[in-house]
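Read through the structure below, which is laid out as structure tokens, and then see the notes.
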Amino acid sequence: MNSQALLPKDKFDLDVVNRLSSATPEQVSGVAPSLLEWIADMNWPVASEIIQVLPGFYKVLLPNIESILTNPDNDIIWRCNIISKLLTQFPQESLLPLFPIIQKYADFIPQNEDEEDLKNVALDFVAWYQSLTDCHQR
């Protein structure tokens with residue numbers, strides 16, 4: 001399968017979910033940055049479907065997610081969606097490299113409403129992650 005076939009043609013292209021479900025990690029890796037762009041707006045019908053399949057490819061997505069989260073020029077809502085909707089579906093041990101980045105968002109002083117949303121999402125993520133860690137240590 002051509003990797004480009006794994007990208008939605010438009011925000012209503014729900015057939016892409018079937019193609020993604022049968023894709024290999026190598027195929028997804030080739031389009032990972034573009035694929036992650038489709039969850040920038042969770043109001044798009046395809047976004048809520050894609051986000052259900054993406055966790056199966058967490059290993060190839062993590063480097064791209066780290067780049068998205070560390071680039072201050074990236075849309076704040078996109079970063080919020082990645083943290084709150086996608087990363088919470090990944091295996092806990094895979095999140096360890098991203099934890100310091102998200103912790104910085106939880107600790108920063110917001111300058112506007114969007115940054116306040118990012119801080120709150122990060123705080124929720126940190127609490128969720130730590131609750132998982134506490135459960136595993138018992």
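The analysis underlying the following values was restricted to heavy atoms, covering all of them including side chains, and did not include hydrogens, waters or symmetry mates. What you see is a predicted model; the values in this text were computed from it and never measured. Residues: numbered from 1 along the sequence shown.
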Gap between atom [atom2] of [Y] and atom [atom1] of [X] - 0.5 Å precision:
X: W38; Y: L7; atom1: CH2; atom2: CG; value: 8.0 Å
X: S84; Y: Q89; atom1: OG; atom2: CD; value: 10.0 Å
X: I82; Y: I77; atom1: CD1; atom2: CD1; value: 12.0 Å
X: D124; Y: C80; atom1: CG; atom2: SG; value: 10.5 Å

In terms of hydrophobic clustering (I, L, V, M, F, W, Y; side-chain heavy atoms under 4.5 Å; direct or indirect links), are Y105 and L123 co-clustered? no
Between L62 and S94, what is the shortest heavy-atom contact and its length? CD1-O, 3.6 Å
Using a 3.5 Å distance criterion without hydrogens, assess whether the side chain of [X] forms a donor-acceptor pair with backbone atoms of [Y].
X: S3; Y: Q27; answer: yes
X: N64; Y: A32; answer: no
X: S29; Y: P25; answer: no
X: R19; Y: A5; answer: yes
X: R79; Y: I68; answer: no
X: Q130; Y: W128; answer: no

Could you go through the side-chain contact (heavy atoms from CB on, under 4.5 Å) check for D75 and D114 one step at a time? CA-CA 9 Å; D75 182 73; D114 285 345; 6.0 Å; no
Using side chain to side chain contact (heavy atoms under 4.5 Å, CB included) as the criterion, list what pairs up with P110, not counting sequence neighbours. E115, E116, K119
Name the atoms and distances for all side-chain donor-acceptor pairs under 3.5 Å in residues 42-54, with sequence neighbours left out.
residue : atom : partner : partner atom : Å
N43     : ND2  : D41     : OD1          : 3.4
W44     : NE1  : D41     : OD2          : 3.4
S48     : OG   : P45     : O            : 3.3

Pairs satisfying ring pair (Phe, Tyr, Trp, His ring centres under 6.0 Å), at least one member in residues 79-99, at least two apart: Y58-F90, F99-Y129
When you look at CD of E93, are more than 12 heavy atoms from neighbouring residues, nucleotides or ligands closer to it than 6.0 Å? yes
